[in-house]
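Heavy-atom basis, side chains included; hydrogens, waters and symmetry copies ignored. Along the sequence shown, residues carry numbers from 1.
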Amino acid sequence: MHRRFDERPKSKTARPSPVAIPERRTKRILWRNKMQREQNQSTQLPCQARPTISLANRFSALKHRLQGKPNVRPIGAYPSSIIDSQGCEFGYEMFYHVPYAYHLAKIGCLQRTVSCLGTECFYFFSPDHHERYDRRQFVKYMDSIAQQPHESPDANRWEPPNFAVHYRNKIELNFPKPLLLVFNKYNIEWDHPPINFLSKPFLDRVVQKASDRFSIVYLRPTSHIVHDHMPVGNLNEKEQLREQGVVLAEELYENYRHISFNEFQLCLLANSQHRISVQGGAAYMNALFPGQLMLLHRYGGEQLHGNYVDFPRMGVTDFTVHNNEFDMLDRLDYFKCSARNAA
């Protein structure tokens, strides 16, 4: 049985899950996030209010500069007019930095954005984007947005851009059926062998159940595309998927070399209403687009800290979290009905 992002176990006799959260703790997490959002909204600046640099801001900027953090430049109540990702993990950048930067841009206060190679497409609204970092890492505290990982975003300076509208017509995609995107990963996680990944038998069943209704595109980035602090392995699944008629994203990308691979992914997402993904950075990127998103989560801090509750605020319209692949296959039948109605 699948569980929606905001759904708790219905009884104490429900089948335990390795990532299940006690009901009392889940209530406390949801209550805390709700109260934090209400507090943030009550103090939200009017759209017309443009903060100015105060004397306290100048002293704070000087202090950060002396500490070796020249990109932290406070403006009004905002931590910084420069948004620097510090080369943090991809999911955190999608969840925190991009919406913060977009909000600053809308009120005319964004000075500069600084991030990793290939990220210009995520900051298309930035007046001055710098790609400084060539490898991602875990960052305990993100200085330019005054944020720790897994905290609920501060609503008074958090507004995701509409990537779906911006990238829907950037490239021409010719698929005969509705597009089903399958995002996977296979890499070391928390110094352990791969945990959150879609298995070869599951992928085979997805093709069998969905290929008659969908054009399936499969994305599992390799070390040639993603530079991360976690080593990438090989699931040895792509040749079989290719033989089954699945389109491999890196091979399709050869036709669109005039844009970056990240921008290519955004174009695919903007043209898809049905998606399957796994815990991690790709899940956060998927959540920035409307449509149906089915997510495999075996282990990770998102359920423990209640981050999935914030996903609908990012833009996704139908979102479910699953702790095993069997439930996902049942949910896939609903995807088929949706595709039939859309055709």
Side-chain angles (χ1 to χ4, degrees), residues 5 83 85 87-102 113 115-126 129 131 133 136 142 149-150 153 158-168 170-171 173 179-187 189 196-198 217-222 225-228 230 232 249-250 252-253 256 259-297 300-302 307-308 310-321:
F5 70 92
I83 300 300
S85 73
C88 72
E89 294 183 5
F90 181 68
Y92 294 151
E93 183 167 6
M94 297 298 101
F95 195 40
Y96 297 116
H97 295 85
V98 171
Y100 286 179
Y102 183 66
T113 51
S115 188
C116 299
L117 296 175
T119 56
E120 183 177 3
C121 56
F122 299 113
Y123 297 94
F124 64 87
F125 49 84
S126 175
H129 183 66
E131 297 184 349
Y133 310 104
R136 293 189 179 275
M142 296 166 279
H150 295 304
W158 190 88
E159 185 177 354
N162 194 332
F163 283 121
V165 170
H166 187 78
Y167 286 106
R168 184 165 294 142
K170 283 284 184 177
I171 61 176
L173 296 168
L179 188 58
L180 172 61
L181 301 181
V182 181
F183 287 79
N184 201 5
K185 66 176 181 178
Y186 194 72
N187 56 263
E189 300 179 84
N196 297 293
F197 68 95
L198 305 173
V217 175
Y218 180 72
L219 303 95
R220 183 177 65 80
T222 65
I225 299 172
V226 176
H227 299 280
D228 204 290
M230 292 298 181
V232 176
E250 60 265 36
L252 180 62
Y253 175 57
Y256 304 97
I259 61 176
S260 69
F261 186 78
N262 279 334
E263 185 171 353
F264 171 68
Q265 290 187 99
L266 294 177
C267 292
L268 287 176
L269 285 163
N271 286 276
S272 171
Q273 291 292 313
H274 307 87
R275 304 184 297 275
I276 300 173
S277 188
V278 295
Q279 181 275 344
Y284 289 94
M285 181 172 63
N286 271 269
L288 289 164
F289 291 82
Q292 294 180 295
L293 173 58
M294 180 165 54
L295 179 67
L296 174 67
H297 180 114
E302 287 82 3
N307 293 124
Y308 290 142
D310 288 311
F311 268 36
R313 296 170 57 203
M314 299 179 72
V316 65
T317 48
D318 190 345
F319 171 53
T320 54
V321 181

Please find the pair of heavy atoms, one from [X] and one from [Y], that lie closest to each other, and give the distance.
X	Y	result
I259	C267	CD1-SG, 4.4 Å
V316	G291	CG2-O, 3.5 Å
A101	Y123	CB-CE2, 4.0 Å
V278	A283	O-CB, 3.4 Å
A164	A270	O-CB, 3.6 Å
S115	T119	CB-OG1, 3.4 Å

Donor-acceptor check, side chain of [X] to backbone of [Y], threshold 3.5 angstrom: yes or no?
X	Y	result
S260	E263	yes
E120	H129	no
R136	C88	yes
S272	L179	yes
N307	H150	yes

With [X], which residues qualify under ring pair (Phe, Tyr, Trp, His ring centres under 6.0 Å), at least two apart?
X	value
F197	Y186
Y218	none
Y96	none

Does F122 form a side-chain contact (heavy atoms from CB on, under 4.5 Å) with E93? I'd like the steps, not just the answer. CA-CA 10 Å; F122 299 113; E93 183 167 6; 5.8 Å; no
Please tell me if the side chains of [X] and [Y] come closer than 4.5 Å, counting only heavy atoms from C-beta onward.
X	Y	value
M314	W158	yes
F95	P153	yes
L266	M285	yes
L180	R275	no
F163	L269	no
F289	Q273	no
H274	Q292	yes

Begin from the C-alpha positions of L268 and L252 and carry the test side-chain contact (heavy atoms from CB on, under 4.5 Å) through to its verdict. CA-CA 11 Å; L268 287 176; L252 180 62; 4.3 Å; yes
Atom pair [atom1] ([X]) and [atom2] ([Y]), whose distance is rounded to the nearest 0.5 Å:
X	Y	atom1	atom2	value
Q265	N286	CD	CG	9.0 Å
F319	S277	CZ	OG	9.0 Å
K185	L296	NZ	CG	9.5 Å
F124	H166	CZ	NE2	4.5 Å
T320	L295	OG1	CG	8.0 Å

Take L173 and Y256, measure what side-chain contact (heavy atoms from CB on, under 4.5 Å) needs, and give me the verdict at the end. CA-CA 10 Å; L173 296 168; Y256 304 97; 3.6 Å; yes
Let me see the working for Y167 and C121 under side-chain contact (heavy atoms from CB on, under 4.5 Å), right down to the final yes or no. CA-CA 9 Å; Y167 286 106; C121 56; 3.3 Å; yes
Measure centre to centre between the rings of Y308 and H297, then say whether the value is under 6.0 Å.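 Ring centres of H297 and Y308 closer than 6.0 Å.
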Distance only, no hydrogens: is a donor on one side chain within 3.5 Å (strictly under) of an acceptor on the other, for Y284 and E302? yes
In terms of side-chain heavy atoms, does H97 have a donor or acceptor partner in T113 at a distance below 3.5 Å? no
